[in-house]
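Below you'll find the structure, written out as structure tokens, and then a few comments.
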Amino acid sequence: MLGDGDALTARPQSLMFSFLGVYVLGRGTAVYSGSVIDVFARLGVTEEAVRSTLTRMVKRGLLARHRQGRRMYFGLTEHAVEVLDDGRRRVWETGAVNRDWDGAWTLVGFSIPDGLRSTRHDLRSQLVWAGFGLLQSGLWIAPGVKDVAGILAPLELGDHVTVMTARAFKPTESADLVRKAFSTERIAARYRAFLDRWDTPNPLPSAADDLARQLLLHTDWLQLVRQDPHLPAEHLPADWPAIRAEQVFRTLARDYAPSARVLADTVLDELTVTSPAG
């Protein structure tokens with residue numbers, strides 16, 4: 001997570017996702033690498049780190065190169081659009097507070113042979129990323145109905161995994177499931193840390209300008225909501241810090257947007273492309 005002391009040393013790839021989500025997604029453009037380097041210099045990220053990040057993202061199928069003359073531009077692939085759209089939904093649509101839970105849980109149970117340890121590790125990582133918590137050995141749960149097929153398909157686990165939806169019945173209470181499977185204090189601590197950084201009269205005074213603050217804010221918030229299992233509000237404390245944190249994020253995002261856009265327009269060199277992958 002980002003702090004005022006280390007905000008300008010956030011992982012370049014995390015910052016790149018924020019940059020692409022704000023300034024490339026949905027615009028039908030590719031951006032000149034040199035202008036991306038200029039933007040990231042405001043964040044304290046070196047030219048070498050930016051070029052390395054762009055190269056890795058090309059290799060991962062997230063960015064496509066577009067050459068015009070001697071300049072190299074980078075645009076989104078279809079895969080990148082999917083990833084960035086997911087982030088956009090989590091930030092602007094799903095939100096940080098789950099007030100619409102219908103009482104359903106998604107359950108994933110698995111028993112994977114020792115010969116597939118790395119696959120078991122990958123599955124656990126994907127489940128955590130998707131908002132699941134470990135209820136007991138081999139049984140993971142998440143509030144609501146989750147689309148687990150996308151997680152399981154590339155792992156090819158077949159009969160080793162069982163997926164169901166269910167509701168709690170006495171003597172089991174949903175509040176007990178939340179307490180057993182999720183560390184609510186750890187989740188709350190992350191939101192409080194966000195508030196310590198951003199809920200101040202002058203957030204991140206060490207940042208270069210509002211463009212830098214905007215990208216740092218979006219990066220911090222997206223990392224935060226991606227780690228949040230989106231637990232039912234009815235089973236969380238009334239003073240749940242995510243409520244205030246979301247208000248702060250939305251206010252600052254709105255406040256930074258106009259001046260950050262002006263700054264970006266002066267720096268970014270864009271090339272129109274005909275499709276996500278060019």
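Contacts of Lys170 classified as salt bridge (charged side-chain N to carboxylate O under 4.0 Å, His left out), with partners at least two apart in sequence or in another chain: Glu173. Qualifying salt bridge (charged side-chain N to carboxylate O under 4.0 Å, His left out) partners for Asp122, counting only residues two or more places apart in sequence or in other chains: none. Scored by the salt bridge (charged side-chain N to carboxylate O under 4.0 Å, His left out) test, Asp85 finds Arg88 as partners (sequence neighbours excluded). The side-chain contact (heavy atoms from CB on, under 4.5 Å) check on Asp269 picks up Tyr32, Ser35, Arg71, Tyr73, with sequence neighbours excluded. Residues that satisfy the side-chain contact (heavy atoms from CB on, under 4.5 Å) test with Leu84, not counting sequence neighbours, are Phe17, Leu20, Leu25, Leu76. Residues forming a salt bridge (charged side-chain N to carboxylate O under 4.0 Å, His left out) with Asp265 (at least two apart in sequence, or on another chain): Arg261. When the side-chain contact (heavy atoms from CB on, under 4.5 Å) test is applied to Leu134, the partners found at least two apart in sequence or on another chain are Trp140. Applying the side-chain contact (heavy atoms from CB on, under 4.5 Å) rule to His235 yields the partners Trp101, Ser174, Ala175, Val178, Pro232; only residues at least two apart in sequence or on another chain are considered.
At a threshold of 4.5 Å between non-hydrogen side-chain atoms, the residues Met16 and Leu54 count as touching. When side chains are defined from C-beta on, Val83 counts as touching Leu62, because their heavy atoms get closer than 4.5 Å. With a 4.5 Å cut-off on side-chain heavy atoms, Pro203 and Thr200 count as touching. Side-chain contact between Arg65 and Thr55 is present, with heavy atoms from C-beta onward closer than 4.5 Å.
Evaluation of the side chain to side chain donor-acceptor pair (under 3.5 Å) test over residues 237-260, restricted to residues two or more places apart or in two chains, returns Asp199-Arg244, Asp210-Ser259. Residue pairs satisfying the side chain to side chain donor-acceptor pair (under 3.5 Å) criterion with at least one member in residues 17-27, sequence neighbours excluded, are listed as follows: Ser18-Thr219, Tyr23-Gln214, Arg27-Glu270. For residues 74-99, the ring pair (Phe, Tyr, Trp, His ring centres under 6.0 Å) pairs, not counting sequence neighbours, are Trp92-Phe249.
Note on Leu268: it clusters hydrophobically with Leu63, by side-chain heavy-atom contacts below 4.5 Å among ILVMFWY residues. Under the 4.5 Å side-chain heavy-atom criterion for grouping Ile, Leu, Val, Met, Phe, Trp and Tyr, Trp129 is not connected to Val161 through any hydrophobic cluster. In this structure, Leu139 is a member of the same hydrophobic cluster as Phe182, with clusters built from ILVMFWY side-chain heavy atoms closer than 4.5 Å. By the criterion of side-chain heavy atoms lying less than 4.5 angstrom apart, applied directly or through intervening Ile, Leu, Val, Met, Phe, Trp or Tyr residues, Val24 is grouped together with Ile37 in one hydrophobic cluster.
A donor-acceptor pair under 3.5 Å is formed between the side chain of Thr77 and the backbone N or O of Gly61. A side-chain donor-acceptor contact under 3.5 Å links Thr106 to the backbone of Lys146. In this structure, the side chain of Arg213 engages the main chain of Leu204 through a donor-acceptor pair within 3.5 Å. With hydrogens and angles ignored, the 3.5 Å screen pairs a side-chain donor or acceptor of His230 with a backbone N or O of Gly95.
For the atom pair CZ of Arg90 and CG of Leu224, the computed distance is 12.0 Å after rounding to the nearest 0.5 Å. Atoms CG and CH2, from Leu135 and Trp105 in turn, are 8.5 Å apart once rounded to the nearest 0.5 Å. Note: Thr162 OG1 to Phe110 CZ = 11.0 Å, rounded to the nearest 0.5 Å. For the atom pair CG of Asp220 and CG of Leu252, the computed distance is 11.0 Å after rounding to the nearest 0.5 Å. Taken from CE in Met72 to NE2 in His66, the straight-line distance is 10.0 Å, to the nearest 0.5 Å. Here the CG atom belonging to Asp86 is positioned 8.0 Å from the OG1 atom belonging to Thr94, to the nearest 0.5 angstrom.
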*Determine, stepwise, if the pair Arg60 / Gln13 fulfils side chain to side chain donor-acceptor pair (under 3.5 Å).*
CA-CA 12 Å; Arg60 292 176 57 198; Gln13 183 167 287; 3.1 Å; yes
| field | Audit row: Leu216, Leu15, side-chain contact (heavy atoms from CB on, under 4.5 Å) steps and yes/no | value | CA-CA 7 Å; Leu216 291 165; Leu15 291 166; 3.9 Å; yes
| message | With side-chain contact (heavy atoms from CB on, under 4.5 Å) as the criterion, how do Val39 and Val31 come out once you've worked through the C-alpha distance, each side chain's angles and the decisive distance to 0.1 Å? | response | CA-CA 11 Å; Val39 169; Val31 287; over 6 Å; no
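Within a 6.0 Å radius of CG in Asp100, other residues, nucleotides and ligands contribute 12 heavy atoms or fewer.
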Which donor-acceptor pairs under 3.5 Å do the side chains of residues 44-51 make with protein atoms, sequence neighbours left out?
| residue | atom | partner | partner atom | Å |
| --- | --- | --- | --- | --- |
| Thr46 | OG1 | Ala49 | N | 3.1 |
| Glu47 | OE2 | Arg51 | NE | 3.0 |
| Glu47 | OE2 | Arg51 | NH2 | 3.2 |

